[in-house]
Amino acid sequence: MPTPFQTTRLVEFHDTDMAGIMHFASFFTYMESAEHEFIRSLGLSIFTKIDGQSISFPRVAASCDYRSPARCEDVLEIAVSIARLGTKSISYRFDFTLDGREVAQGEMTCVCCVVSPDAPPRSISIPDDIADLLRTHAA
């Protein structure tokens, strides 16, 4: 099984609720940021030009299970792995920990699409060169 991509994130004051606990919605922002870091680590971009078309990966599903609290100024470790790599979609898994303690586990599914400002996104197969890079990190 491939080693997950690892990153960290400081829980900032604006990411917490009145009790000083990380707000549930902030986990989704952290997942997206971690995904972007992972994609950049592969030498890719969230928006890639292929044959003159802009390719991106809009989200179609996201979830997060919360196990224990994180607080302002905690530094979370985030492990990003590919749970499923389909023909047109990627499902990521995000494991949030703090000093070895499980904080949350999230999932996000994205679909490969051609995007343009004058038309709705159109799903396409993940280009082979991108799929090959992703495959090296798939479970």
Side-chain angles (χ1 to χ4, degrees):
M1 180 176 210
T3 303
F5 173 79
Q6 301 282 335
T7 188
T8 59
R9 177 80 184 250
L10 174 71
V11 177
E12 298 182 36
F13 177 74
H14 64 85
D15 294 323
T16 63
D17 61 18
M18 294 287 289
I21 296 171
M22 186 170 159
H23 191 269
F24 75 92
S26 296
F27 284 91
F28 292 93
T29 302
Y30 286 21
M31 286 190 286
E32 185 172 50
S33 293
E35 176 213 8
H36 289 193
E37 284 185 51
F38 168 66
I39 292 294
R40 284 192 307 274
S41 78
L42 299 176
L44 301 171
S45 172
I46 293 303
F47 282 100
T48 301
K49 286 276 193 187
I50 297 178
D51 298 329
Q53 295 183 312
S54 292
I55 308 295
S56 192
F57 289 83
R59 286 91 184 91
V60 295
S63 65
C64 193
D65 292 324
Y66 310 99
R67 309 286 164 72
S68 63
R71 293 184 165 71
C72 185
E73 297 189 349
D74 284 344
V75 177
L76 296 177
E77 296 95 25
I78 306 168
V80 181
S81 55
I82 297 175
R84 182 183 173 283
L85 182 60
T87 304
K88 294 184 176 186
S89 66
I90 307 166
S91 294
Y92 293 102
R93 176 177 161 157
F94 301 87
D95 292 294
F96 293 86
T97 56
L98 176 63
D99 298 327
R101 173 176 50 89
E102 187 177 24
V103 173
Q105 183 182 85
E107 290 191 11
M108 185 168 58
T109 299
C110 309
V111 173
C112 186
C113 289
V114 172
V115 293
S116 69
D118 57 347
R122 178 176 49 86
S123 67
I124 62 169
S125 294
I126 300 170
D128 290 339
D129 55 338
I130 295 174
D132 289 343
L133 287 170
L134 294 169
R135 206 170 281 113
T136 64
H137 294 277

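Hydrogens, waters and symmetry mates play no part in the numbers below; they use all other heavy atoms, side chains included. Bear in mind the structure is a predicted one, so any value in this text is a computation, not a measurement. When a residue number appears, it is its place in the shown sequence, counting from 1.
In terms of modelled atom types and a separation under 3.5 Å, the side chain of S26 and the main chain of M22 share no donor-acceptor contact. Panel note: side chain S68, backbone E102; a donor-acceptor pair is recorded below 3.5 Å. Although no hydrogens or angles enter the test, the distance criterion places a donor-acceptor pair under 3.5 Å between the side chain of D17 and the main chain of A19.
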CA sep, side-chain torsions, deciding dist, call: R59, E32, salt bridge (Lys or Arg N to Asp or Glu O under 4.0 Å): CA-CA 10 Å; R59 286 91 184 91; E32 185 172 50; 3.3 Å; yes
Side chain to side chain donor-acceptor pair (under 3.5 Å) assessment of T109 paired with S91: CA-CA 4 Å; T109 299; S91 294; 2.9 Å; yes
Side chain to side chain contact (heavy atoms under 4.5 Å, CB included) evaluation trace for K88 with S123: CA-CA 7 Å; K88 294 184 176 186; S123 67; 3.6 Å; yes
Side chain to side chain contact (heavy atoms under 4.5 Å, CB included) evaluation trace for V103 with T97: CA-CA 5 Å; V103 173; T97 56; 5.5 Å; no
Test side chain to side chain donor-acceptor pair (under 3.5 Å) applied to D65 and Q105, step by step: CA-CA 5 Å; D65 292 324; Q105 183 182 85; over 6 Å; no
Side chain to side chain contact (heavy atoms under 4.5 Å, CB included) between I78 and R9, intermediate numbers included: CA-CA 8 Å; I78 306 168; R9 177 80 184 250; 3.9 Å; yes
V115 vs I55, side chain to side chain contact (heavy atoms under 4.5 Å, CB included): CA-CA, chis, key distance, verdict: CA-CA 6 Å; V115 293; I55 308 295; over 6 Å; no
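Residues F96 and E77 fail the side-chain proximity criterion, which asks for heavy atoms closer than 4.5 Å. Annotation: side chain of F57 is not in contact with side chain of I39 (no heavy-atom distance under 4.5 Å). Residues Q53 and I50 form no side-chain contact, since every pair of their non-hydrogen atoms from C-beta on lies 4.5 Å or further apart. In this structure the side chain of T16 never reaches within 4.5 angstrom of the side chain of I21, judged on heavy atoms. Residues P69 and R71 are in side-chain contact: their nearest non-hydrogen atoms beyond the backbone lie under 4.5 Å apart. The shortest distance between side-chain heavy atoms of F38 and H137 falls below 4.5 Å. Here the side chains of C110 and Y92 are in contact, with some heavy-atom distance below 4.5 Å. I90 places a side-chain heavy atom less than 4.5 Å from the side chain of I82.
Closest approach of M31 and F94 over heavy atoms only: O-CE2, 3.2 Å. Across every non-hydrogen atom of P127 and C112, the tightest pair is CD-SG, 3.8 Å. A pairwise comparison of heavy atoms in I126 and A131 identifies CG2-N, 3.7 Å as the closest pair. The minimum heavy-atom distance linking Y30 with V11 is given by the pair OH-CA, 3.3 Å.
With sequence neighbours left out, the salt bridge (charged side-chain N to carboxylate O under 4.0 Å, His left out) criterion links R135 to D132. Here R101 pairs with nothing under the salt bridge (charged side-chain N to carboxylate O under 4.0 Å, His left out) rule; sequence neighbours left out.
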Atom pairs and distances, donor-acceptor, side-chain atoms in residues 42-49, under 3.5 Å, two or more places apart:
residue : atom : partner : partner atom : Å
S45     : OG   : F47     : N            : 3.2
S45     : OG   : F47     : O            : 2.9
T48     : OG1  : S45     : O            : 3.1
K49     : NZ   : S54     : OG           : 3.3

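With hydrophobic clusters built from ILVMFWY side chains whose heavy atoms lie under 4.5 angstrom apart, V111 does not share a cluster with M108.
For E107 and R93, the salt-bridge test fails: no basic side-chain N is under 4.0 Å from an acidic carboxylate O.
Taking the six-membered ring wherever Trp is involved, the centroid distance between the rings of F27 and Y66 falls below 6.0 Å.
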